[in-house]
Chemist: 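Structure provided below as structure tokens; questions to follow.
Computed from heavy atoms alone, side chains included, the values below leave out hydrogens, waters and symmetry copies. The sequence lines fix the lettering, A, B, ..., with proteins before strands; numbering per chain opens at 1. Here the structure is a predicted model, which means the values were calculated and not measured.
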Number of protein chains: 2
Amino acid sequence: MSLTERKRQLVRDELTEAALKLLAFQGFEETTIDQMAAAAGVSRRTFFRYFPSKEDVIVEFLSDLGRKLSHSLSTRPATEPPPVALQNALRVFTDTFWEHPEKSQRLANVMVSTPALLARYLERQVTWRATLSAELAVRMGVDPEADLRPAVLVAVAFAAFDTALIRWVAQGSTTDLNTLLSDCFATAFPT
Amino acid sequence: MSLTERKRQLVRDELTEAALKLLAFQGFEETTIDQMAAAAGVSRRTFFRYFPSKEDVIVEFLSDLGRKLSHSLSTRPATEPPPVALQNALRVFTDTFWEHPEKSQRLANVMVSTPALLARYLERQVTWRATLSAELAVRMGVDPEADLRPAVLVAVAFAAFDTALIRWVAQGSTTDLNTLLSDCFATAFPT
DNA sequence: CTTCGGTTTGGCACTGAGTGTCAACATTGC
DNA sequence: GCAATGTTGACACTCAGTGCCAAACCGAAG
């Protein structure tokens with residue numbers, strides 16, 4: 001990575017970190033972009049050169065993971081039935097959460113408890129669903145236009161994930177997210 | 001209903017109708033609140049006395065239905081297993097769509113194809129999920145705090161509904177929404 | 001060391017969403 | 001007719017987001 005790229009990444013991290021602190025402290029609506037920019041030591045205008053909107057400071061982090069999802073699914077062995085493959089594909093999320101526990105916790109907390117952020121996150125999820133459905137359709141060897149099943153299975157998998165995530169936050173991140181996810185999948189896809 | 005209340009409802013309907021026309025014609029981002037207000041013959045300030053945000057002109061219509069959801073579930077016979085009861089509870093939506101076909105179509109079209117509107121709709125849905133989960137928990141006779149199942153089942157039901165809705169719009173509202181919904185439920189809740 | 005080309009940055013001005021306030025006006029009840 | 005209440009439009013304000021331009025910065029070539 002070049003020097004300028006690393007500097008960019010540095011500013012980016014500084015912004016998310018500053019934003020996370022402010023949001024956790026005073027809430028999303030009460031925090032202005034000027035405050036976040038000032039806390040990171042850049043101008044308001046520069047903020048928008050790193051994030052297209054106020055919501056994205058938080059949501060981009062998950063969007064990065066979301067983009068890896070369909071690739072993650074494609075690397076699952078073909079022997080795995082769709083539900084198992086989907087659950088394992090979602091490890092891109094749970095693994096990253098596991099690697100950065102405290103950041104993930106704060107992030108998930110703010111996101112789930114802030115309607116505007118939750119909305120943006122769910123909006124992104126819809127786009128991931130589309131690409132994942134396509135991926136799952138080829139895996140199942142069916143036509144995604146004619147067959148509803150891949151789309152439904154993906155939607156159900158995300159429903160399980162969301163439920164696990166919301167529950168995880170509600171319980172103060174005390175239980176293990178992966179355990180919760182397994183439980184949710186067990187109900188969503190009874191054997 | 002009193003005269004003032006009827007007048008209020010009249011203005012409200014006028015606003016949604018004007019908004020729907022404009023949005024279908026020029027898209028959500030390109031339409032300003034001034035335009036919608038002017039088209040309905042009221043001031044910009046009055047618009048906000050009827051809808052708290054630009055998105056709500058469209059989304060409120062569905063929110064009204066969402067509020068009826070848990071009541072709808074509570075009136076389903078106790079003999080129905082959860083998936084069936086949930087599917088039938090969702091008839092609040094499909095029935096209303098059936099009663100106002102062309103309005104529902106335009107509305108769903110705009111909503112599904114506009115990220116900002118879809119986001120708001122999904123955000124609302126999360127709140128319905130919470131109340132529906134509680135309702136389903138009492139129906140199942142379990143503790144909604146300790147038991148994940150009601151929350152997961154509700155989430156899966158909405159996943160099926162969303163998939164059906166998106167597919168319905170994608171197919172140009174040619175197929176019957178209820179048929180699509182049944183198909184999606186069949187995959188989401190295999191017998 | 002200097003100059004050149006590309007990128008990053010900050011400041012400024014502008015549009016549009018959303019809110020508080022107030023005065024004008026209509027409606028309902030007495 | 002009159003008072004209480006509710007609705008409306010106008011104005012002013014904050015904040016999100018964008019376009020534009022000039023200054024600062026940085027790597028490379030001379």
Chemist: Below 3.5 Å, can you tabulate the donor-acceptor pairs from side chains in residues 33-40 of chain A to any protein atom, sequence neighbours excluded?
Modeler:
unit_1: A:Q35; atom_1: OE1; unit_2: A:Q26; atom_2: NE2; d: 3.2

Chemist: So, are B:D162 and B:R167 salt-bridged, with charged N and O less than 4.0 Å apart?
Modeler: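 A salt bridge is absent here (no side-chain N lies under 4.0 Å from a carboxylate O).
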
Chemist: Polar atom pairs between nucleotides 25-30 of chain C and protein, under 3.5 Å, N or O only, would you list them?
Modeler:
none

Chemist: Return a table of donor-acceptor pairs under 3.5 angstrom between the side chains of residues 112-120 of chain B and protein atoms on other chains or two or more places apart.
Modeler:
unit_1: B:S113; atom_1: OG; unit_2: B:N109; atom_2: O; d: 2.6
unit_1: B:S113; atom_1: OG; unit_2: B:V110; atom_2: O; d: 3.4
unit_1: B:T114; atom_1: OG1; unit_2: B:V110; atom_2: O; d: 2.7

Chemist: Sugar-phosphate atoms are those with a prime plus P, OP1 and OP2; base atoms are the rest. Using that split, label each nucleotide of nucleotides 10-22 of chain D B, S or - for protein heavy atoms under 4.0 Å, 5' to 3'.
Modeler: B----SBBBBB--

Chemist: Does a side-chain N-to-carboxylate-O contact under 4.0 Å join A:D13 and A:K103?
Modeler: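 Looking at A:K103 together with A:D13, the answer is no, because their closest N to O distance does not fall below 4.0 Å.
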
Chemist: Provide, to the nearest angstrom, the distance between the CG atom belonging to B:D56 and the P atom belonging to C:dG18.
Modeler: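 Computing the B:D56:CG to C:dG18:P distance gives 8 Å.
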
Chemist: Respond yes when some side-chain nitrogen or oxygen of A:Y50 is under 4.0 Å from OP1 or OP2 of C:dT9, and no when none is.
Modeler: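 Yes, within the criterion.
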
Chemist: In whole angstrom, give the distance that lies between atom CE of B:M36 and atom C1' of C:dA17.
Modeler: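 For the pair B:M36 CE and C:dA17 C1', the rounded distance is 10 Å.
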
Chemist: Check the pair B:T179 / B:S182 against side-chain hydrogen bond (donor to acceptor under 3.5 Å, both in side chains), numbers first and verdict last.
Modeler: CA-CA 5 Å; B:T179 313; B:S182 289; over 6 Å; no

Chemist: List in numerical order all residues of residues 10-23 of chain A for which some heavy atom is under 4.0 Å away from an atom belonging to DNA chain C.
Modeler: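 Contacting residues: none.
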
Chemist: Are OP1 or OP2 of C:dT9 and a side-chain N or O of A:T46 less than 4.0 angstrom apart?
Modeler: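 No, outside the criterion.
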
Chemist: To the nearest 0.5 Å, tell me how far B:T31 OG1 sits from B:K21 NZ.
Modeler: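 The OG1 atom of B:T31 sits 13.5 Å away from the NZ atom of B:K21.
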
Chemist: Taking NZ, NE, NH1 and NH2 as the nitrogens, is one of them in B:R106 or B:E17 under 4.0 Å from a carboxylate oxygen of the other?
Modeler: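 So B:R106 pairs with B:E17 through a salt bridge.
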
Chemist: Measure the acute angle between the ring planes of A:F51 and A:F47, then classify it against the limits of 30° and 60° as parallel, tilted or perpendicular.
Modeler: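 Judged by the thresholds at 30° and 60°, the geometry between A:F51 and A:F47 is tilted.
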
Chemist: For residues 140-156 of chain B, tabulate all N or O donor-acceptor pairs below 3.5 Å that involve a side-chain atom, not counting sequence neighbours.
Modeler:
unit_1: B:D143; atom_1: OD1; unit_2: B:E145; atom_2: N; d: 3.1
unit_1: B:D147; atom_1: OD1; unit_2: B:R149; atom_2: N; d: 3.0
unit_1: B:D147; atom_1: OD1; unit_2: B:R149; atom_2: NE; d: 3.1
unit_1: B:D147; atom_1: OD2; unit_2: B:R149; atom_2: NE; d: 3.2
unit_1: B:D147; atom_1: OD2; unit_2: B:R149; atom_2: NH2; d: 2.7

Chemist: For the rings on B:W168 and B:F93, is their centre-to-centre separation under 6.0 Å?
Modeler: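 No - the distance between ring centres of B:W168 and B:F93 does not fall below the 6.0 Å cut-off.
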
